K.L.:
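Dropping a structure here in structure tokens format, bear with me for questions.
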Amino acid sequence: MAELTFQVLVELMRFTSLYCHPLCNSSPTSACRKKTGRMPVVAGRLRDPDINPCLLESDASTRCMDEYNYDRERCSTHFLKYKNCRKFWNSVMIQRRRDGVKPSMPTAAERDIILQAMGKMPY
């Protein structure tokens, strides 16, 4: 039982300011990012237009939430556009994977060509 309590204590310390991050000698929050000057890897990948095909829709829904004080009902159209965008590009990615095309997600330039060939936005 004492071992379980120690593990819980370590986990609590990890998410509070008492925990010292080994890479930057500070908490693993914004202070660490300020010292390294870099964005976390996952966040950087989500902001990459070659990886995230729905970046514009994601930004639009975030802006809407900020503008309407996080009232989800007022931003439902933006959420729906983002959801449809993800569905469309996920189906494209699955089809390319089946066909053996690498990379499975088209690059931003390829996506522009695909959308121009369709004539209109499919989502």
Side-chain angles (χ1 to χ4, degrees):
M1 185 70 178
E3 200 171 292
L4 179 65
T5 307
F6 178 72
Q7 288 176 342
V8 170
L9 181 62
V10 169
E11 289 298 316
L12 285 173
M13 287 176 61
R14 182 176 296 165
F15 293 108
T16 63
S17 61
L18 299 174
Y19 176 73
C20 185
H21 195 269
L23 294 177
C24 59
N25 296 327
S26 67
S27 67
T29 57
S30 61
C32 183
R33 284 193 299 273
K34 286 179 186 173
K35 286 185 179 179
T36 60
R38 285 187 258 165
M39 189 183 304
V41 174
V42 174
R45 291 187 71 208
L46 290 175
R47 299 298 309 162
D48 185 3
D50 280 334
I51 294 173
N52 185 0
C54 301
L55 192 58
L56 293 175
E57 289 80 5
S58 174
D59 289 346
S61 62
T62 304
R63 276 193 310 274
C64 180
M65 290 290 280
D66 288 340
E67 186 176 322
Y68 290 111
N69 201 19
Y70 293 87
D71 183 5
R72 293 181 62 84
E73 289 181 17
R74 292 179 125 184
C75 301
S76 60
T77 57
H78 293 285
F79 297 147
L80 188 59
K81 284 181 185 178
Y82 177 74
K83 184 178 177 182
N84 291 336
C85 176
R86 295 298 300 177
K87 279 183 185 179
F88 175 77
W89 289 113
N90 190 41
S91 66
V92 169
M93 185 173 66
I94 289 170
Q95 187 61 45
R96 284 171 62 107
R97 200 176 292 150
R98 283 185 191 141
D99 296 340
V101 178
K102 296 278 183 173
S104 55
M105 178 59 73
T107 63
E110 289 175 321
R111 287 194 305 268
D112 289 340
I113 293 170
I114 291 170
L115 291 175
Q116 286 175 357
M118 294 182 87
K120 62 176 183 147
M121 293 293 273
Y123 44 87

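This structure is a prediction, so every number in the text was calculated from the model and none was measured. Quick note: residue numbers are just sequence positions, from 1. Both backbone and side-chain heavy atoms feed into the values below; hydrogens, waters and symmetry mates do not.
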K.L.:
At what distance, to the nearest 0.5 angstrom, does CZ of F88 lie from CE of M118?
P.N.:
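If we round to the nearest 0.5 Å, F88:CZ and M118:CE are 4.0 Å apart.
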K.L.:
Quick check: is L46 connected to V41 through a chain of hydrophobic side chains (ILVMFWY, heavy atoms under 4.5 Å apart)?
P.N.:
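Different clusters.
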K.L.:
So, taking the atom named CZ in R86 and the one named OG in S58, what distance separates them when rounded to the nearest 0.5 Å?
P.N.:
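OG of S58 is found 9.0 Å from CZ of R86.
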K.L.:
Roughly how far, to the nearest 0.5 Å, is CG of N90 from OG of S104?
P.N.:
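Rounded to the nearest 0.5 Å, the OG-CG separation comes to 9.5 Å.
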K.L.:
Restricting to non-hydrogen atoms, name the atom on A108 and the atom on D50 that form the minimum distance, rounded to 0.1 Å.
P.N.:
N-OD1, 2.9 Å
K.L.:
Taking a hydrophobic cluster as the set of Ile, Leu, Val, Met, Phe, Trp and Tyr residues connected by side-chain heavy atoms closer than 4.5 Å, whether directly or through intermediates, do L55 and W89 fall within one such cluster?
P.N.:
no
K.L.:
Rounded to the nearest 0.5 Å, what separates atom SG in C64 from atom CZ in F79?
P.N.:
6.5 Å
K.L.:
Quick check: is M121 connected to V92 through a chain of hydrophobic side chains (ILVMFWY, heavy atoms under 4.5 Å apart)?
P.N.:
yes
K.L.:
NE2 of H78 to CE of M65: how many Å apart, nearest 0.5 Å?
P.N.:
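One gets 11.0 Å once the value is rounded to the nearest 0.5 Å.
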K.L.:
Apply side chain to side chain contact (heavy atoms under 4.5 Å, CB included) to the pair R111 and M105, showing each step before the final yes or no.
P.N.:
CA-CA 9 Å; R111 287 194 305 268; M105 178 59 73; 4.1 Å; yes
K.L.:
Kindly compute the distance separating SG (C85) from OH (Y123), expressed to the nearest 0.5 Å.
P.N.:
4.0 Å
K.L.:
Donor-acceptor pair, distance only, cut-off 3.5 Å: does the side chain of N52 make one with the backbone of D48?
P.N.:
no
K.L.:
Looking at R97, Q95, R96, which hits side chain to side chain contact (heavy atoms under 4.5 Å, CB included) with M93?
P.N.:
R97
